[in-house]
Amino acid sequence: MRVSESSVGPLVATYVALMVLLVMTAATRAMPAGWWITPISLGIAALKAFLVAYLFMRLREEKALVRIFAGAGLFWLLILLVLTGADYLTRSWYV
């Protein structure tokens, strides 16, 4: 696949954004531990996943059916995480 000149700019910008987010992820490890580090790290990871899926995987240019199935995959991942969290929180050794 040949990359046209017009598509190089957004890819480079996305790469730079991913590198900045990588530095932000590493910087969260240097912060003092607290409950707020986990949501920040998860937010950064979600933003990186969105950039990769939307721009590098070119979901913005795909048909609606492909985007629906990509969203369905994320929905099932959310179900998995919620059920795993519910199981973890209901364990007797956790309480």
Side-chain angles (χ1 to χ4, degrees):
M1 180 173 90
R2 185 176 170 109
V3 178
S4 66
E5 289 294 326
S6 63
S7 66
V8 172
L11 291 178
V12 170
T14 304
Y15 175 76
V16 170
L18 287 171
M19 290 299 109
V20 168
L21 290 170
L22 176 66
V23 169
M24 289 174 61
T25 301
T28 59
R29 296 294 299 157
M31 292 181 181
W35 67 268
W36 44 271
I37 289 180
T38 301
I40 290 173
S41 297
L42 288 173
I44 292 170
L47 185 57
K48 287 190 285 189
F50 171 76
L51 286 173
V52 167
Y54 193 69
L55 297 169
F56 281 136
M57 293 175 62
R58 299 180 187 257
L59 283 181
R60 67 175 179 219
E61 300 167 1
E62 291 294 334
K63 296 177 183 171
L65 187 61
V66 175
R67 288 186 291 211
I68 288 171
F69 275 95
L74 289 175
F75 179 71
W76 282 108
L77 177 64
L78 179 66
I79 290 172
L80 174 73
L81 293 174
V82 167
L83 291 176
T84 302
D87 178 53
Y88 183 76
L89 292 174
T90 58
R91 298 285 176 144
S92 61
W93 54 266
Y94 180 73
V95 178

Following the transitive rule for hydrophobic clusters with a side-chain heavy-atom cut-off under 4.5 Å over Ile, Leu, Val, Met, Phe, Trp and Tyr, establish whether Phe50 and Phe69 coincide in one cluster.
-> no
Can you list the residues that meet the side-chain contact (heavy atoms from CB on, under 4.5 Å) rule with Leu42, with sequence neighbours excluded?
-> Thr38
Shared hydrophobic cluster, Ile44 / Ile37 (ILVMFWY, side-chain heavy atoms < 4.5 Å) = yes
Closest non-hydrogen contact found for Arg67 with Arg60 is NH1-O, 3.6 Å
Other than Ile79, what residues sit in its cluster of Ile, Leu, Val, Met, Phe, Trp and Tyr side chains whose heavy atoms are under 4.5 Å apart, directly or through others?
-> Phe75, Trp76, Leu83
Val52 reachable from Leu74 in the ILVMFWY side-chain graph, under 4.5 Å edges = no
Is it possible for you to say whether Ile68 and Val66 belong to one hydrophobic cluster, with membership spreading through side-chain heavy-atom contacts below 4.5 Å?
-> no
With a cut-off of 3.5 Å and sequence neighbours excluded, list every side-chain donor-acceptor pair involving residues 22-31.
residue : atom : partner : partner atom : Å
Thr25   : OG1  : Leu21   : O            : 2.9
Thr25   : OG1  : Lys48   : NZ           : 3.2
Thr28   : OG1  : Thr25   : O            : 2.5

Heavy-atom nearest pair, Leu51 first then Ala17, reads CD1-CB, 4.1 Å
Heavy-atom pair of closest approach, residues Trp36 and Pro32 = CZ2-O, 3.8 Å
Taking all non-hydrogen atoms of both residues into account, name the closest pair between Arg58 and Glu62 and its distance.
-> O-CG, 3.3 Å
To the nearest 0.5 Å, how far apart are CE in Met57 and CG in Leu59?
-> 5.0 Å
